[in-house]
Amino acid sequence: MESPNRLSVLQALRAMEEGSLTSEALTQACLERIEERNGQVQAFTAVDAGWALAQARTADRAGAAPLRGIPFAVKDVLDTRHLATAYGSPIYAGHRPAVDAACVARVREFGGLVLGKAATSEFATQTPSRTRNPLNLEHTPGGSSSGSAAAVADFMAPVAFGTQTTASTVRPASYCGIVGYKPTFGFLNTAGLKPLSPSQDTITLLARTVQDTALCAFGLHGMRVQAGPLERPRLAVCLSSQWDAVRPEMAEAIERIAAAAQRAGATVRRMRLPAALEPLIGMQGRLFAFEARQSLAYERQHHAALFSPRLQARLAGGEGIDAAQYLAMRQRALAGRQALAGLFGDVDAILYPPAQGEADEGIADSGSAQFGALWSLMHVPCVCVPIARGPRGLPMGVQAIGAYGDDLRTLQAAAFIHHVARQAA
């Protein structure tokens with residue numbers, strides 16, 4: 001057997017069920033990888049090795065469960081009672097919440113364990129953490145789920161919780177060459193998440209296969225669901241004004257994967273984003289700014305000097321929006337969701353860029369979040385899978401976007417695309 005920390009979630013579960021692997025051995029391998037690499041990658045902000053191993057031994061004694069013995073990295077905007085939760089801000093250095101976030105509690109309820117806390121951008125906004133892309137330490141891993149993506153990509157953890165309010169999961173997944181899954185809004189309970197934009201904040205998962213994200217997402221509901229590739233999926237490459245910002249290599253990679261999917265049996269066509277939805281892309285940022293300004297009202301009133309300049313500017317963008325304008329934006333978003341539903345009558349998944357291209361050099365900026373804005377606002381499931389390499393040899397992905405509430409079919413369509421991409425590699 002290869003080193004346990006390199007196993008997928010599915011492989012690890014099967015090995016534990018067969019008796020050839022223990023959770024303790026899997027967790028120990030992950031901890032050794034963290035010890036070896038975290039000083040360079042800086043994916044984790046807090047790890048208690050003894051506690052992690054104690055949880056693993058408990059899982060081994062307990063036996064069968066949907067998430068049996070699987071170690072989860074937890075993004076540091078999600079509360080953990082045992083480990084410090086700083087939300088990526090010096091304001092909360094050393095903060096110890098009284099209770100675990102709901103998703104963390106569910107991990108332990110269904111047999112999994114908490115491996116450690118993964119770095120995040122400041123309050124999951126634009127000011128990056130110190131995390132580096134494990135595939136090239138001179139490049140960004142993306143944000144805000146930077147530590148979560150880096151930990152999974154570097155084999156420190158088999159799966160990690162992230163969050164997404166704009167593109168905080170799909171972009172890091174693309175940059176780090178892994179799978180990022182943003183479920184339908186509300187599918188994973190947000191209790192214990194530090195709020196930012198409550199009308200959009202979503203708990204997400206990052207793993208190395210689509211199957212793993214499905215196993216963990218539904219495992220958090222006590223189910224054992226496998227998301228194999230959808231047979232002959234109906235796909236549509238969705239064009240919009242945002243493609244003007246897409247680099248040629250990303251556009252070409254999406255065209256190649258669409259052609260390969262068609263050869264493999266998929267139906268593929270082109271569609272244009274309806275004109276009525278285009279203005280919502282820009283509106284998403286205004287809605288975000290209004291809600292974030294309220295969510296961080298206490299910190300803004302008492303600790304604004306500890307905000308980064310970038311966050312101060314972002315929150316200032318919500319200052320001139322009044323309550324009537326806010327409610328109007330909420331109404332427009334609802335109308336947009338109703339209009340978007342019509343696009344999926346004969347389409348299983350829309351293909352869309354998750355980022356401009358491969359990860360940029362440097363870690364002072366985590367890349368543009370614009371390609372997740374509309375889809376996060378629309379509350380629909382999005383799955384980013386790796387499909388190609390860019391000019392610098394770093395990964396690029398594509399988003400498979402599905403209908404509201406149709407997460408399993410979206411995951412199955414993404415699994416088909418991921419399979420086609422690996423066959424073509």
Side-chain angles (χ1 to χ4, degrees), residues 2-9 12 23-56 70-78 80 82-90 92-96 104 107 112-122 124 127-163 168-169 172-173 175-178 180 205-208 212 359 361-364 366 394-395:
E2 62 182 323
S3 179
N5 63 296
R6 292 181 176 267
L7 296 174
S8 69
V9 171
S23 175
E24 185 175 2
L26 171 59
T27 302
Q28 181 63 48
C30 291
L31 291 169
E32 289 172 0
R33 182 65 173 176
I34 292 168
E35 178 67 24
E36 175 191 358
R37 288 279 291 171
N38 198 54
Q40 297 170 284
V41 179
Q42 300 193 49
F44 282 91
T45 60
V47 175
D48 182 335
W51 181 61
L53 290 169
Q55 293 176 82
I70 298 299
F72 279 66
V74 178
K75 184 176 178 178
D76 196 31
V77 289
L78 295 165
T80 48
H82 186 86
L83 297 173
T85 302
Y87 313 121
S89 169
Y92 287 96
H95 171 60
R96 294 286 288 271
V104 175
V107 164
L113 62 104
V114 176
L115 183 62
K117 299 304 289 289
T120 177
S121 303
E122 178 189 26
T127 303
S129 70
R130 293 180 294 178
T131 308
R132 297 174 178 271
N133 192 313
L135 306 179
N136 186 324
L137 297 175
E138 302 305 315
H139 289 248
T140 177
S144 62
S145 302
S146 50
S148 298
V152 171
D154 206 44
F155 302 100
M156 298 181 194
V159 61
F161 280 120
T163 66
S168 292
T169 290
Y175 284 178
C176 293
I178 60 171
L205 288 164
L206 297 105
R208 292 188 287 273
D212 284 358
E361 189 170 1
I363 63 168
S366 60
L394 291 171

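Excluded from the calculations below are hydrogen atoms, water molecules and symmetry mates; all remaining heavy atoms, backbone and side chain alike, are included.
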Contact list for residues 142-153, test salt bridge (Lys or Arg N to Asp or Glu O under 4.0 Å), sequence neighbours left out: none
Is there a side-chain contact between Phe155 and Arg208, using heavy atoms and a 4.5 Å cut-off? yes
Salt bridge (Lys or Arg N to Asp or Glu O under 4.0 Å) filter on Glu35, not counting sequence neighbours, yields none
Would you compute the distance between atom CG of Leu113 and atom OG of Ser23 and round it to the nearest 0.5 angstrom? 5.0 Å
Using 0.5 Å steps for rounding, measure from the CD1 atom of Ile363 to the CD atom of Glu138. 8.5 Å
Could you tell me which non-hydrogen atom of Val47 sits nearest to which non-hydrogen atom of Leu115, and how far apart they are? CG1-O, 3.8 Å
Taken in chain and number order and not counting sequence neighbours, the residues that satisfy salt bridge (Lys or Arg N to Asp or Glu O under 4.0 Å) with Asp154 are Arg33, Arg37
Evaluate the side-chain proximity of Pro172 to Pro141: yes if any heavy-atom separation is below 4.5 Å, no if none is. no
Under the side chain to side chain donor-acceptor pair (under 3.5 Å) test, which residues partner Asn38, sequence neighbours left out? none
Working to the nearest 0.5 angstrom, can you tell me the gap between Thr45 OG1 and Arg130 CZ? 9.5 Å
Under a 3.5 Å threshold, yes or no: a donor from one side chain and an acceptor from the other, between Gln28 and Glu32? yes
Distance alone, cut at 3.5 Å: any donor-acceptor contact between the side chains of Lys75 and Ser148? no
What distance do Gln42 atom CD and Arg132 atom CZ have between them, rounded to the nearest 0.5 Å? 7.0 Å
So, for Ala157 and Ala73, which heavy atoms are closest and what is the spacing to 0.1 Å? CB-CB, 4.1 Å
Distance, nearest 0.5 Å, that separates CG of Leu135 from CG of Leu394: 6.5 Å
Under the ring pair (Phe, Tyr, Trp, His ring centres under 6.0 Å) test, residues paired with Tyr87 that sit two or more places apart: Tyr92, His95
Hey, could you give me the CG/OH distance between Asn133 and Tyr175, rounded to the nearest 0.5 Å? 10.0 Å
Taking only residues two or more places apart in sequence or in another chain, which ones pass side chain to side chain donor-acceptor pair (under 3.5 Å) with Thr131? Ser129
Using only atom types and a distance under 3.5 Å, with no angle test, would you say the side chain of Thr85 pairs donor to acceptor with the backbone of Thr80? yes
Close side-chain approach of Ile70 to Pro158, heavy-atom, < 4.5 Å: yes
Indicate yes or no: at least one non-hydrogen side-chain atom of Asp212 is less than 4.5 angstrom from one of Val159. no
Donor + acceptor pair across side chains of Ser168, Ser144 (<3.5 Å): yes
Between Phe72 and Leu205, is any pair of side-chain heavy atoms under 4.5 Å apart? yes
Sub-4.5 Å side-chain heavy-atom contact between Leu137 and Val41: yes
Under the criterion side chain to side chain contact (heavy atoms under 4.5 Å, CB included), I'd like the reasoning laid out for Val74 against Val107: C-alpha separation, chi angles, the key distance, then a yes or no. CA-CA 10 Å; Val74 178; Val107 164; over 6 Å; no
Student check: side-chain heavy atoms of Met156 and Asn5 closer than 4.5 Å: no
Check: Asp76 side chain, Thr120 main-chain N or O, donor-acceptor pair, under 3.5 Å: no
